[in-house]
Amino acid sequence: MTATTSNPSAAAASRARKRKKIDIPYDRWPNRLKRAFKSFIKITLLISLGVTIYMLATIDDVSLNIFFTILEELVRLVLYVVTILFSIILQFGLIFWFLSRPDAEIIRPGDDTTVTFDDYWGQPQLVKLVKQWMSLLRDRKEFEKMGGRYISGLLLYGPPGTGKTMLAKAIAGESGMAFISAQGTSFQGMFWGMDILRVLRFCKWARDLAKKYGACVAYIDEIDAVGMNRGGVRGSGPMVGSFTGFGLGMFALSTLLSQMDGMNKPTRKEKFLRRLYRFFGKEYKPKRDWHVIWMGSTNRPDVLDPALTRSGRLDTKIAVDPPDRASRRQIIEGYLSKIAHDETVDVEAIVADTAGMTPADIAGAITKDAVRIAFFEGRRKVSQKDIDRALMEQTLGMESPIEEMDEHQRRVLAYHEAGHAVAQYYVMPDQKIVRATIVRLTTGALGHVMPVDTVDQHVEPVMRYAYEIIVALAGRAAEKILTGEIYNSVAGDYMTVQRNLWLMARTGFFGPALAMKATNETLLGEDERLARYWLQMEEITEQLLRRHWREVTALAEELLVKSTLNGKEVVEIIEANQSPEALREETIIPRTLAAMRAQALAEVRRGGAYPPSNSLHAPNGSNGSAPEEDVIVINGSSNGAHGNAPSSSAS
């Protein structure tokens, strides 16, 4: 008693331990209820079985026959239902088995292929890089001894038609490895879950090919169809869909990501062997002498899920851009070698006329359209004229002339296009005129003047935007001078003016204040300073055409006669009608533009209004408050206008 009272805290702790009950899930009342219900079912079944045996032992023959007859019918009904269910399951299983096969193309080492690196022109550095990667996969031993790690994946991105898919076909033709390719859209299915099955099947084929041949390239064209961002950001929509499976790309993408990561994980066979070796006290190291490299191509890299392009997946990204001048020359020579053409074909002229075009555009113009034009005209060789027309159709569409057009409207249209051509000739010497026509095109244009860059523009002067505005406004200016009225023929021209004004503001032509405001095109359109600048550009454009109205008239009248003129004919008409006074005023446009820019900058700095318009003709500014501006001298030499440049340079 004394010991207990001497330490009351110890006694309390002892009583607490005795009262404490451990909460075991097995003893909780829901689990008890489940166990009781199961026991009841078992007891009921046993009792029923016993009763049935007793009744069968004591029942008379008639009742026994009835019982077995009923039992036979029940068994037959059950078998019938099971057979129907099995047939339905089998049919759906076969359907899903066939539908789960992706539309994939497999090329094994030694197979005949139609595309090689010799057919892939215009990207020598890219071809060299790809060849290096392929050689690493073919001869891996030395690379592995150095501790090197292979690239996990390669993403080709660029505008449509730049040769991404053709590069993949060339890799398949020359890599010496197994190659499997599929369209991104081929993974999409009508039923829910089909996309997952197709991705799994595609990855299994790639893995099996790599095991058999040592390496495999798994290529998915238009990978954005299956790899779009799951969060609905960066230009893509949320990947949700209906019961049928449309839009459920998130499941296919998740499966693809797990398969890309799991290529180096142990297979079921390797796991079994590992357990078996471990049972006998040994260590099992699977032999991994194969590798799968992933390739994808897209023209929308901004919508791809970041998980797809992170390191370890499609981590090596290569931009496939439209070809430059040297690359276009190689592409054009390659396609010309595949067709029959005469001696009039000028490779350098085609190179100059195809600035900005993709290899697919060039291939279509040379091997399809030009050959078609020559064939239907009864010739068996393609001429330069055929290629020029094919390039025009590629860019602007086919001709669809209006059979009966009012003569006055046709004259207005001819002067409209002549105004464009004359302005183009004088203010944009870095371009040459390829064609001028007043024949309607399938694109809806009633006429056009087609210029092309004589030099590829990689770094453009901002003043070039201003010259393009003058060319765009020259059509309406010619109409006003001719008739004193304005016509609804400037929809495309005014779009060019608006776009270029925005580009000029965004690139700082009018100073940093408007450059910051140019992030919002709508707000920029409400700026009164740009509206006044537009009106001033219309004024100097009209002055330009008035000084050269003789050339405009001659060119328009010739268009009324022939409807279409090539670039050489346009230049010859302009040069034949030039006046000495007009040639001496060749620096008026650049000096005026420089003054207008100085005035705009000054207004932005002081927040005031423009000076009177008559001060625009003062060189390099008007009131001395604006800084001196460099004057770009326009001499038209690239179009063969005058000076030391020969007139044949326009052709």
Side-chain angles (χ1 to χ4, degrees), residues 344 349 353 383-385 388-389 391-393 395-429 431-441 445-452 470-483 487 489-490 492-493 541-542 544-583 636-642 645-651:
T344 63
D353 294 349
S383 65
Q384 181 66 33
K385 182 180 178 181
D388 290 340
R389 182 177 170 185
L391 292 174
M392 185 273 294
E393 291 182 358
T395 307
L396 300 169
M398 302 178 66
E399 292 184 347
S400 177
I402 300 174
E403 296 298 333
E404 296 182 4
M405 188 175 184
D406 178 72
E407 190 61 30
H408 175 71
Q409 296 180 31
R410 190 167 180 267
R411 178 172 296 276
V412 171
L413 179 60
Y415 274 82
H416 180 102
E417 301 303 337
H420 283 313
V422 171
Q424 178 76 39
Y425 177 87
Y426 280 106
V427 304
M428 299 210 60
Q431 292 184 332
K432 75 170 186 177
I433 299 172
V434 176
R435 182 185 182 92
T437 182
I438 55 173
V439 178
R440 185 181 62 180
L441 303 175
L446 296 177
H448 77 278
V449 174
M450 181 179 176
V452 295
I470 292 176
V471 175
L473 294 174
R476 168 159 286 186
E479 295 171 355
K480 289 173 63 179
I481 296 174
L482 176 68
T483 66
Y487 295 82
S489 56
V490 292
D493 297 338
T541 302
E542 186 173 339
L544 170 69
L545 293 188
R546 288 187 181 279
R547 289 194 302 271
H548 299 279
W549 190 246
R550 181 178 175 184
E551 294 103 300
V552 174
T553 302
L555 186 58
E557 295 300 326
E558 193 68 19
L559 280 172
L560 288 171
V561 175
K562 295 184 176 180
S563 297
T564 299
L565 300 172
N566 60 36
K568 184 177 181 180
E569 292 172 329
V570 171
V571 171
E572 289 176 350
I573 293 171
I574 293 176
E575 291 178 347
N577 292 274
Q578 287 175 336
S579 62
E581 293 78 9
L583 293 179
S637 59
S638 295
N639 281 325
H642 52 276
S647 59
S648 60
S649 63
S651 60

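Given the structure is predicted, the values throughout are model-derived calculations rather than measurements.
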Output the distance between atom [atom1] ([X]) and atom [atom2] ([Y]), rounded to the nearest 0.5 Å.
| X | Y | atom1 | atom2 | result |
| --- | --- | --- | --- | --- |
| K432 | M450 | NZ | CE | 10.0 Å |
| Q384 | D353 | CD | CG | 7.5 Å |
| L413 | R440 | CG | CZ | 11.5 Å |

Are the side chains of [X] and [Y] in touch, meaning some heavy atoms are under 4.5 Å apart?
| X | Y | value |
| --- | --- | --- |
| L482 | V552 | no |
| L441 | M392 | yes |
| I470 | M428 | no |
| H548 | N577 | no |
| T553 | Y415 | yes |

Check for a donor-acceptor pair, side chain of [X] on one end and backbone N or O of [Y] on the other, with a separation under 3.5 Å.
| X | Y | answer |
| --- | --- | --- |
| T437 | S563 | yes |
| R476 | S489 | no |
| T541 | A474 | no |

How close do [X] and [Y] get, counting heavy atoms only, and between which atoms?
| X | Y | result |
| --- | --- | --- |
| L559 | A414 | CD1-O, 3.9 Å |
| A436 | V449 | CB-CG2, 4.1 Å |
| H408 | Y487 | NE2-OH, 3.3 Å |
| L545 | A477 | CD1-CB, 3.8 Å |
| V471 | Q424 | CG1-OE1, 3.5 Å |
| L565 | E569 | CA-OE1, 3.3 Å |

Using the salt bridge (Lys or Arg N to Asp or Glu O under 4.0 Å) criterion, which residues pair with K385? Sequence neighbours excluded.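 With sequence neighbours excluded, K385 shows a salt bridge (Lys or Arg N to Asp or Glu O under 4.0 Å) to no residue whatsoever.
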Identified side chain to side chain contact (heavy atoms under 4.5 Å, CB included) partner of R435 from the options N566, T564, L391: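 Answer after filtering N566, T564, L391: T564.
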Check against side chain to side chain contact (heavy atoms under 4.5 Å, CB included), H420 and D493: CA-CA 10 Å; H420 283 313; D493 297 338; 3.2 Å; yes
Can you pull the salt bridge (charged side-chain N to carboxylate O under 4.0 Å, His left out) pairs that have at least one residue in residues 407-421, sequence neighbours excluded?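 Every salt bridge (charged side-chain N to carboxylate O under 4.0 Å, His left out) pair that includes a residue of residues 407-421, provided the two are not neighbours, is R411-E557.
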Stepwise, does the side chain to side chain contact (heavy atoms under 4.5 Å, CB included) test hold for Q409 with L446? CA-CA 11 Å; Q409 296 180 31; L446 296 177; over 6 Å; no
Between Y426 and I574, does the side chain to side chain contact (heavy atoms under 4.5 Å, CB included) criterion hold? Intermediate values first, please. CA-CA 10 Å; Y426 280 106; I574 293 176; 4.2 Å; yes
